[in-house]
Amino acid sequence: FKMSQETIIFIGSPGVGKSTLGNGLAGAVVFKSGISVGQGLSNFLQKHVTASGRCIIDTPGLADVNLRKVAAAEISQAFRQGGSLKIIFVITLEGGRARPQDVDTIKLVTDAVPVNTPFAILLNKLTNREQSVLNQRGAEFNAVIGSLIPAGRALPSTAVFMFPDTPSLKDIDNAIAPLGSDFMSWIAQLPPAVINPATVKEVQPDRAAAEAEEKRLELQRKEEEHKAAEAARAAEIARLQAAAQPAPA
């Protein structure tokens with residue numbers, strides 16, 4: 001497909017609310033949403049062009065074990081269409097902290113585009129307490145956002161939006177998020193990413209797992225080296241103590 005005048009692409013793990021937000025922007029149910037045990041409802045890239053010409057793209061989640069390769073290929077293909085688009089990562093917190101799978105998703109996707117490509121983060125389904133604390137944009141806010149931004153990337157505070165949980169949407173299939181004027185103003189002021197298709201790399205969903213395994217093996221190696229050093233130290237102490245003992249008469 002060809003990019004429209006304004007293209008918005010929602011990227012995130014299954015169940016974070018991408019489809020519901022897309023329906024809210026479209027003003028109608030154009031993306032399937034709801035509960036799907038084991039995997040997300042979106043198993044391929046979906047797009048909808050509104051009457052005003054805005055294109056909304058809903059992507060499958062990279063954290064879905066069964067669909068991550070499909071999701072990666074779909075996202076890469078969307079970027080390769082070139083043109084101007086607004087990249088929005090939809091994130092939900094767990095215990096007030098960013099989930100590792102969401103950190104991995106942002107890193108994997110941003111690694112596929114040039115380092116100066118702008119993107120935005122939407123913290124979705126926030127509890128009242130999370131909303132209250134993060135709205136102060138103090139240390140807690142900086143810690144959450146800082147944990148999500150890959151090394152070498154920058155994210156202005158204006159590229160972050162916080163959306164409260166909406167209890168009335170729970171357990172509703174094909175819901176439409178009620179989007180207020182503040183959200184629409186935020187979307188409007190986001191700088192679009194102008195992507196040259198030639199600069200787009202493949203999103204590599206298996207790399208995160210490989211890096212995690214590499215870290216695990218490195219920790220295991222260091223632990224074994226530490227144990228070996230401790231054993232050698234204990235053996236040397238025992239040898240010195242034995243040497244210090246007086247010879248039997």
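Because the structure is predicted, anything quoted here is derived from the model rather than measured.
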Flag the pair [X] / [Y] as yes when at least one side-chain heavy-atom distance between them is below 4.5 Å, and no otherwise.
| X | Y | result |
| --- | --- | --- |
| I106 | P150 | yes |
| I88 | L190 | yes |
| L122 | I91 | no |
| Q77 | Q81 | yes |
| I56 | V30 | no |
| R54 | I8 | yes |
| M162 | I121 | no |
| N196 | T199 | yes |

Could you tell me the separation between the [atom1] atom of [X] and the [atom2] atom of [Y], rounded to the nearest 0.5 Å?
| X | Y | atom1 | atom2 | value |
| --- | --- | --- | --- | --- |
| L148 | L123 | CG | CG | 7.0 Å |
| I176 | L25 | CD1 | CG | 11.5 Å |
| E202 | I75 | CD | CD1 | 11.0 Å |
| I195 | L85 | CD1 | CG | 4.5 Å |
| L93 | D102 | CG | CG | 8.5 Å |
| S76 | Q204 | OG | CD | 9.0 Å |

Can a donor-acceptor pair be found, under 3.5 Å and without considering hydrogens, that links the side chain of [X] to the backbone of [Y]?
| X | Y | value |
| --- | --- | --- |
| T92 | K125 | no |
| Q189 | W186 | yes |
| T59 | F10 | yes |
| K18 | S13 | yes |
| D165 | T127 | no |

Residue pair L21, F31: steps toward the side chain to side chain contact (heavy atoms under 4.5 Å, CB included) verdict: CA-CA 9 Å; L21 288 164; F31 304 115; over 6 Å; no
Side chain to side chain contact (heavy atoms under 4.5 Å, CB included) between T110 and T117, intermediate numbers included: CA-CA 8 Å; T110 55; T117 303; over 6 Å; no
Regarding E224 and R221, does a basic nitrogen lie under 4.0 Å from an acidic carboxylate oxygen?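 Between R221 and E224 there is no salt bridge, as every charged N stays at least 4.0 Å from the carboxylate O atoms.
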CA sep, side-chain torsions, deciding dist, call: R233, E236, salt bridge (charged side-chain N to carboxylate O under 4.0 Å, His left out): CA-CA 5 Å; R233 180 171 174 274; E236 179 64 10; over 6 Å; no
Kindly determine whether H226 and E230 satisfy side chain to side chain contact (heavy atoms under 4.5 Å, CB included), including the steps that lead there. CA-CA 6 Å; H226 176 72; E230 286 294 307; 3.8 Å; yes
Closest non-hydrogen atom pair, [X] against [Y]:
| X | Y | value |
| --- | --- | --- |
| L179 | G24 | CD1-C, 3.4 Å |
| A154 | I149 | N-CG2, 4.5 Å |
| S84 | P192 | OG-CB, 2.9 Å |
| R99 | V16 | NH2-CG1, 3.4 Å |
| G152 | V115 | O-CG2, 3.4 Å |
| N116 | R153 | N-NH1, 4.3 Å |

For the CD atom on E94, are there more than 12 heavy atoms of other groups (residues, nucleotides or ligands in this structure) within a distance under 6.0 Å? no
Does atom CG of N128 have more than 12 heavy-atom neighbours, drawn from other residues, nucleotides or ligands, at distances under 6.0 Å?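 Counting other residues, nucleotides and ligands, CG of N128 stays at 12 neighbours or fewer.
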Same cluster or not: are V133 and F163 linked, directly or through other Ile, Leu, Val, Met, Phe, Trp or Tyr residues, by side-chain heavy atoms under 4.5 angstrom apart?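 No, V133 and F163 fall in different hydrophobic clusters.
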With clusters defined by side-chain heavy atoms of hydrophobic residues (ILVMFWY) lying less than 4.5 Å apart, directly or transitively, does M184 cluster with V90?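 Yes, one cluster joins them.
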Ring pair (Phe, Tyr, Trp, His ring centres under 6.0 Å) partners of residues 105-144, not counting sequence neighbours, each pair once: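 Matches after skipping sequence neighbours: F89-F119.
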Please test R97 against S147 for side chain to side chain donor-acceptor pair (under 3.5 Å), starting from the C-alpha separation and ending with a verdict. CA-CA 9 Å; R97 295 178 175 85; S147 69; over 6 Å; no
Does a side chain donor of either R137 or S157 reach within less than 3.5 Å of an acceptor in the other side chain?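 No.
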I'd like to know if the side chain of S19 pairs up with that of D58 as donor and acceptor (distance under 3.5 Å, no hydrogens or angles considered). yes
Derivation and outcome, side chain to side chain contact (heavy atoms under 4.5 Å, CB included), residues T7 and K86: CA-CA 6 Å; T7 298; K86 298 182 178 183; over 6 Å; no
